[in-house]
Enquirer: 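Structure provided below as structure tokens; questions to follow.
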Amino acid sequence: TITVVDLAGHRRVGVYPLGIDPLANGGPPPRAKDAARRVLYTVYAYPPPELSVGPHGNHGASNQLGGVVAHSLDDLRPLSRADVESNPGDLFLTPDKSKIVVTHFELTRVLRWDGGVPAPDAGSDPRSSAGTVHDARTLQRLGTVRPCLAAHGGAVAPNNRWLFVACNGEDSVAVI
């Protein structure tokens, strides 16, 4: 759920359910908003088939595709949805609000790769996780990059020209 609070009146306005599947989603989901278009974007990851204890358990170990959803800021109803890679970790809007970037903490690519033939879309390391780029109006996927291991979070330069992605596996930042 997401709770809307009136900061001036110091009162709760409402509580709204968010999600794709009320029984399977983790939360709270990363989100970004486009106030001018009155849209809130959220990304959802599904839990792994087996759960482990600890602060992160099997974080990044799902084998199901995640989803990105556009919600109306007026009443939080879903407007559109698109599948993304498994284990989406974060999402953010480009400064011009034309695109959404989703990073994927695909730890399963790192831990379960058997050294076989790399995927056709793999970067320099076949264990690399995805960064997907979507049109903000339609959520259509415009492209996928695989910059590094266990990508999680990032930012776009103010001129929309450069994408910076945090690479947990290499303890570095990819510049795209």
Side-chain angles (χ1 to χ4, degrees), residues 1-8 13-22 24-46 56 59-60 62 64-107 109 121 123 128-170 172-176:
T1 62
I2 189 166
T3 301
V4 179
V5 177
D6 174 1
L7 296 177
V13 175
V15 178
Y16 301 90
L18 290 180
I20 297 169
D21 180 335
N25 282 328
R31 60 210 154 270
K33 76 174 179 182
D34 182 343
R37 288 191 47 236
R38 307 287 305 148
V39 176
L40 174 72
Y41 299 97
T42 56
V43 67
Y44 298 95
Y46 290 96
H56 289 283
H59 180 71
S62 178
Q64 290 183 271
L65 294 178
V68 62
V69 179
H71 301 271
S72 166
L73 265 179
D74 298 322
D75 57 9
L76 297 175
R77 75 184 182 286
L79 300 172
S80 56
R81 175 180 181 242
D83 287 337
V84 295
E85 304 286 320
S86 61
N87 303 298
D90 205 353
L91 91 156
F92 44 93
L93 278 166
T94 56
D96 68 0
K97 309 273 195 257
S98 68
K99 295 174 183 68
I100 300 166
V101 179
V102 180
T103 59
H104 297 78
F105 191 74
E106 295 174 284
L107 201 52
R109 287 181 79 98
D121 62 345
S128 294
S129 61
T132 57
V133 181
H134 303 261
D135 179 275
R137 291 192 179 272
T138 65
L139 299 185
Q140 176 185 358
R141 187 182 300 198
L142 303 174
T144 302
V145 294
R146 294 196 177 275
C148 57
L149 307 182
H152 199 321
V156 178
N159 65 3
N160 293 300
R161 185 170 179 194
W162 300 101
L163 170 63
F164 305 94
V165 175
C167 301
N168 286 277
E170 295 91 341
S172 64
V173 174
V175 180
I176 302 161

Enquirer: Looking only at heavy atoms, which two atoms of Arg141 and His134 are closest? And how far apart?
Expert: CA-ND1, 3.6 Å
Enquirer: In Å, rounded to the nearest 0.5 Å, how long is the span from OG1 of Thr132 to CD1 of Ile100?
Expert: 9.0 Å
Enquirer: Of all the heavy-atom pairs spanning Ala150 and Gly169, show the shortest one and how long it is.
Expert: CB-N, 4.2 Å
Enquirer: When rounded to the nearest 0.5 angstrom, what distance separates CZ in Phe105 from CG in Asp90?
Expert: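 So the CZ of Phe105 and the CG of Asp90 are separated by 12.0 Å.
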Enquirer: Do Ile2 and His71 pass the side-chain contact (heavy atoms from CB on, under 4.5 Å) test, and can you show the C-alpha distance, the side-chain angles, and the key distance before you say yes or no?
Expert: CA-CA 12 Å; Ile2 189 166; His71 301 271; over 6 Å; no
Enquirer: For residues Arg77 and Leu79, determine if any side-chain heavy atom of one lies less than 4.5 Å from a side-chain heavy atom of the other.
Expert: yes
Enquirer: So which atom in Leu149 and which in Ser128 form the shortest heavy-atom distance, rounded to 0.1 Å?
Expert: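 Heavy-atom minimum between the residues: CD2-N, 3.8 Å.
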Enquirer: Can you tell if the side chain of Phe92 reaches within under 4.5 Å of the side chain of Thr103, non-hydrogen atoms only?
Expert: yes
Enquirer: Working to the nearest 0.5 Å, report the span between OH of Tyr41 and CG of Leu93.
Expert: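 Taking OH in Tyr41 and CG in Leu93, the distance rounds to 6.0 Å.
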Enquirer: Assess whether a salt bridge exists between Arg137 and Asp135, defined as any Lys/Arg side-chain N lying under 4.0 Å from an Asp/Glu carboxylate O.
Expert: no
Enquirer: Restricting to non-hydrogen atoms, name the atom on Val39 and the atom on Ala70 that form the minimum distance, rounded to 0.1 Å.
Expert: CG1-CB, 3.8 Å
Enquirer: Under the 3.5 angstrom rule, does the side chain of Ser129 hit a backbone N or O of His104 as a donor-acceptor pair?
Expert: yes
Enquirer: Rounded to the nearest 0.5 Å, how far does OG of Ser80 lie from CD of Gln140?
Expert: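 Separation between the atoms: 11.5 Å.
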Enquirer: Can you give each donor-acceptor pair under 3.5 Å made by side-chain atoms of residues 154-167, sequence neighbours left out, with the distance rounded to 0.1 Å?
Expert:
| residue | atom | partner | partner atom | Å |
| --- | --- | --- | --- | --- |
| Asn159 | OD1 | Arg161 | N | 2.9 |
| Asn160 | OD1 | Asp96 | N | 3.4 |
| Asn160 | ND2 | Asp96 | OD2 | 3.3 |

Enquirer: Considering all heavy atoms of both residues, which atom of Ala151 and which atom of Asn168 are nearest to each other, and what is their separation?
Expert: C-ND2, 4.4 Å
Enquirer: Check Arg31 against Leu40 and note the closest heavy-atom contact, atom names and distance.
Expert: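 Answer, listing the atom of Arg31 first, then Leu40: CB-CD1, 4.0 Å.
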